[in-house]
Protein chains: 4
Amino acid sequence: MIGVGVIGVGYWGPNLIRNFVTHPQTHMKACCDLKSDRLQYIRRLYPAIETHRDFQNIINDSGIDLVVICTPVHSHFELAQAALENGKHVLIEKPMTATVGECEQLMELAQRKQLKIFIDHTFLFHGAVSKIKSLINADELGDLYYFDSVRVNLGLFQHDVNVLWDLAPHDISIMQYLIDRKPESVVATGAAHLDNGLEDVAYLTVYYPGNLLAHIQVNWLSPVKIRQTLLAGSRKMIVWDDNQPSEKLRVYDKGIEVIETDAQVYKTLVQYRTGDMHCPKIDATEALAVEVQNIVDVLIKGAKPVSDGLSGLMVVKILEAAQHSIKQHGREIKI
Amino acid sequence: MIGVGVIGVGYWGPNLIRNFVTHPQTHMKACCDLKSDRLQYIRRLYPAIETHRDFQNIINDSGIDLVVICTPVHSHFELAQAALENGKHVLIEKPMTATVGECEQLMELAQRKQLKIFIDHTFLFHGAVSKIKSLINADELGDLYYFDSVRVNLGLFQHDVNVLWDLAPHDISIMQYLIDRKPESVVATGAAHLDNGLEDVAYLTVYYPGNLLAHIQVNWLSPVKIRQTLLAGSRKMIVWDDNQPSEKLRVYDKGIEVIETDAQVYKTLVQYRTGDMHCPKIDATEALAVEVQNIVDVLIKGAKPVSDGLSGLMVVKILEAAQHSIKQHGREIKI
Amino acid sequence: MIGVGVIGVGYWGPNLIRNFVTHPQTHMKACCDLKSDRLQYIRRLYPAIETHRDFQNIINDSGIDLVVICTPVHSHFELAQAALENGKHVLIEKPMTATVGECEQLMELAQRKQLKIFIDHTFLFHGAVSKIKSLINADELGDLYYFDSVRVNLGLFQHDVNVLWDLAPHDISIMQYLIDRKPESVVATGAAHLDNGLEDVAYLTVYYPGNLLAHIQVNWLSPVKIRQTLLAGSRKMIVWDDNQPSEKLRVYDKGIEVIETDAQVYKTLVQYRTGDMHCPKIDATEALAVEVQNIVDVLIKGAKPVSDGLSGLMVVKILEAAQHSIKQHGREIKI
Amino acid sequence: MIGVGVIGVGYWGPNLIRNFVTHPQTHMKACCDLKSDRLQYIRRLYPAIETHRDFQNIINDSGIDLVVICTPVHSHFELAQAALENGKHVLIEKPMTATVGECEQLMELAQRKQLKIFIDHTFLFHGAVSKIKSLINADELGDLYYFDSVRVNLGLFQHDVNVLWDLAPHDISIMQYLIDRKPESVVATGAAHLDNGLEDVAYLTVYYPGNLLAHIQVNWLSPVKIRQTLLAGSRKMIVWDDNQPSEKLRVYDKGIEVIETDAQVYKTLVQYRTGDMHCPKIDATEALAVEVQNIVDVLIKGAKPVSDGLSGLMVVKILEAAQHSIKQHGREIKI
């Protein structure tokens, strides 16, 4: 039985709590938050969970093995450091920390203490991502041409980070997980429309080796919610529309071929090939439940973590580079 | 009666011909093409139209007042120049020419000869664009925040230009028509996946004064066809999905407001406002028919052209800047 | 504080429990089920709720004021009768009972005991239905022409009732709530494709006075899930697509008008009018929460119940008639 | 070369003309209409086609082999009879005639004269229908369970027939073509909301042998256009949504299986199986062009007609039965 304590029960924390409550090998022991109404909300739903105001009660609890950190980004480093120092494994809400340096410090500390860092890149446990990963592994897509992801909606505005740090960690973690290469450089543009100076619209291009181009669009000011990812290869192309109630993942047997042709004025030099489209069935298990299972497997059976400190570090590296690029109107920043 | 001659009857030319045939004040007199099967196709559909191989027959025909140029980009300048020299008005397929310098030469020549240049930015005559324009003019949207346009599909590949020059003229001409400001600079990224070195995926950010950001995404390698434009203002936001069979234009009474709030850990500093959504009825007349009517009105009644040389020049300016930016991995190019 | 006991915690019961747990004026005291794994599931989620195997523990509990019956249809009558006899108000899962006679007995018993019967027609508390009802009340739609509802999906098959009794209660309760007239007759057709003889596809026409036609289609064998309701009036027309992630309700300013015309061979005698479309914002509160609030308001403040025994009776009347009609291949059955 | 004459160039006639103009083995010689503006429209588009007011000019023209009848239903019989008497093959707009008796007379006459009757059931030549037919022929679907088709929109109202005779011929012809069995009986309901007494909403159930149920819904008063057909078998299920811009045909590897289970209160007795979904590529050739090709193949090479008098007769038989059923509120009418 893994004892679990959760720091921060705002918007996302309760979802993690629910999954730790229902998993048979975890004991959801205690949580803390600075706001009493949130603690009351948790007590009403789960009378058996201890609630505290001070996070020290979590990191000092000998019945807790794993500390879950669901607080604003700027506090991640301090809380994770304290938990690791006290001998706790940590699961940190994305993005891992506010700087690359902090990520590296935590990774070093965890290694020294022989503790695990998990980053809550929930989408890596989504059935669609698993299916895409397996299609890539089976070389169904051929050479990868581009990755294009759109994550836009109205709100929710964070008070301490811009839209890039708020929404793009999802896409970046998915992108890195699927592409599995080291990016070369980043170009980002964006704009802030409120007095706080935080970008609410941002566009991010990531150059990968092998002529693979990635692009991520995030936006807090979109009237419609779009969650769409395209991944195109030389053989097949994938569209993942997470906003669809069903048939979220579509695999197209489409591509291009260079053909021999006489010089024509209005014909093309390349031919495009359109075959069938296929919607593979995807595992509908809640991503968080799969994630909790992976954490349990790592801590109990020594399994390989899907989303660890390195995964968190790469996301922050790209975010940091993008941040610099945005401020310089798209200047290319090497990774 | 305006005599019309068409140079180039490949993919798009026949659509123009059909509209000049049916308009009561135009006489669709002759066309030419280097390919005999295309001429045969026209003869079968319209036995009354003269067909030629040599474009000289068009520009020397005294019964022709307007020469329509529907050929690959690289030939636009030479053909338009010849037509203007011979005293003909010209309607040029988009983009106007291959360089800013050529645009300026044509404009200078037309002015000297007191002739009209029309650029076939067909979408400016689309019912949705007219409706958006009228909403902007009525100040329904408030301050403009961003313009975001996606135009992706599989093919069709041009043999002489990249995806930017092929598809983005649509979005750029719409953007300039709606925003009606001088852009400041351009940042573009992209990639070419075939041996010809022509970009098949491209992303273009345009900075406008007043913190207005525009972004255009074009792609020849997308398994799905997307034609979607978002235009967000401080008061209302618009989504135009031209791929929908109906209800293409949606106007959202949505926005954000900065609200007073105590420092909260997981709440936002800004409030978003979501009201009703409205689909205004849009004029379903074929855009080309409206365009031909505008041309007739200009030539006969002296009306103001919607899409003239200046419109064509601005599109080519942005394309040229984007081209330079792409080749330098997103370097900002001033307009 | 209203003490609540729930009989049956299979698929739907836990949703009711969750809402009674979170409402501040209800005390979710106890539940029972014949299956121990279901009780264990509840205990794990809500350690404070008592769990029993025998429903007698619920209806005899003096701390319980309201008994919620979430069991298969055939047991509704016996359980509700026992609860009412013991002085408890009842909330019964739809459909109310298996026969019209049983409905009437329960209503008579409740009246005699001065107790309340609530029927869990959850959709009557859905934001879309409330909005449609208010549009009808404001006479926005004009004369009602037809109601058309489709509720199809793959499974879930009930072992004791056909698809009509399983799915159509939703549509019938919505239809009766919105139309608010006494139906005249019913014509139903359907087919059973499994050995159990239970119809898995059914079509139901209901004739209302005033030339208002209603049609309901239910299907357990559809590869796609459809939840779509059309309601057309002489002035406006409504489409409610509950399967959409957003913009579920669309109000069309469309209609027909008879116009004067000379006898024409290929023209129509009536003109159709197409104006704008409007998506009113709908209340996104969970329907069950609104329903629980209405129950609390009835029991504590004497408010008017939205879904009472009469509502349940009308649904069962139409179901019974439809059942007879189906077996006789569409014979019209008077209500 | 097959000489073609067209009687009636209202809404649909010009589409047929365009296809006969472009087919290399047909000579689109002449057309007639009572309205001069329609004839003028044709002359402007196709100066080479003769135009007449009197249909006698068509049926007496020795250069015409095939007479195409695109007029209102009530005139089909007289015109087709006259054409056949004059030794012409006929292509008749759907529905074939206004009564079963007229269909039979025309068939008898054509057989006596050794002439061909083609019925313009255009959808039988649609790529989606061909693909479905081939899937059925390859026994991909298993036993057929049901056919369900929806064809609704706003207008266009016919002045001489109700919505059933106007729209349902499409669905009935598709249904008969795919199912290829003799129907047993028909149950129909509907309502008329205008003074002309013509039903504008209608629902039609057709009973086939082997427990196969078919249902067709047609409606002139729908604010949205729906063109959706479901065909479910024991092995696979098909959804054809003709209103989609792409991926119109979806084949679901879904079904149900009866499984052994202990008596459970809230579980089902049958299991449903959900596998992948597949969108086969469908031939995008215009259906009318395929139809014209079939007619040419029949007349020149003696090929088998896809849509002949028998096909037309079956459609009218079902329409006539449905008409009787509607007037008697769903009384079952044997075919």
Which of the residues [options] is involved in the greatest number of heavy-atom pairs with chain D at under 4.5 angstrom?
options                        : value
C:T205, C:T189, C:V224         : C:T189
C:T274, C:L212, C:V187, C:D253 : C:V187
C:S325, C:A188, C:G190         : C:G190
C:G8, C:P223, C:S185, C:S75    : C:P223

Contact origin within [X] toward chain D - heavy atom pairs under 4.5 Å:
X      : result
C:Q228 : side chain
C:I333 : neither
C:D143 : neither
C:S234 : neither
C:Y203 : side chain
C:A191 : both

Students often mix this up, so state it plainly: with edges at 30° and 60°, are the rings of C:Y146 and D:H193 parallel, tilted or perpendicular?
tilted

Is any NZ, NE, NH1 or NH2 atom of the basic residue among C:D33 and C:R38 found under 4.0 Å from an Asp or Glu carboxylate oxygen of the other?
no

Would you say D:R53 and D:L34 make side-chain contact, with heavy atoms under 4.5 Å?
yes

Does D:W165 offer a backbone N or O that forms a donor-acceptor pair with the side chain of D:N162 under 3.5 Å?
yes

State whether the side chain of C:R181 and the backbone N or O of C:P209 hold a donor-acceptor pair below 3.5 Å, judged by distance alone.
yes

Could you check whether atom CD of D:E184 has more than 12 heavy atoms from other residues, nucleotides or ligands sitting under 6.0 Å from it?
yes

Do other residues, nucleotides or ligands put more than 12 heavy atoms under 6.0 Å from C:Q328 CD?
yes

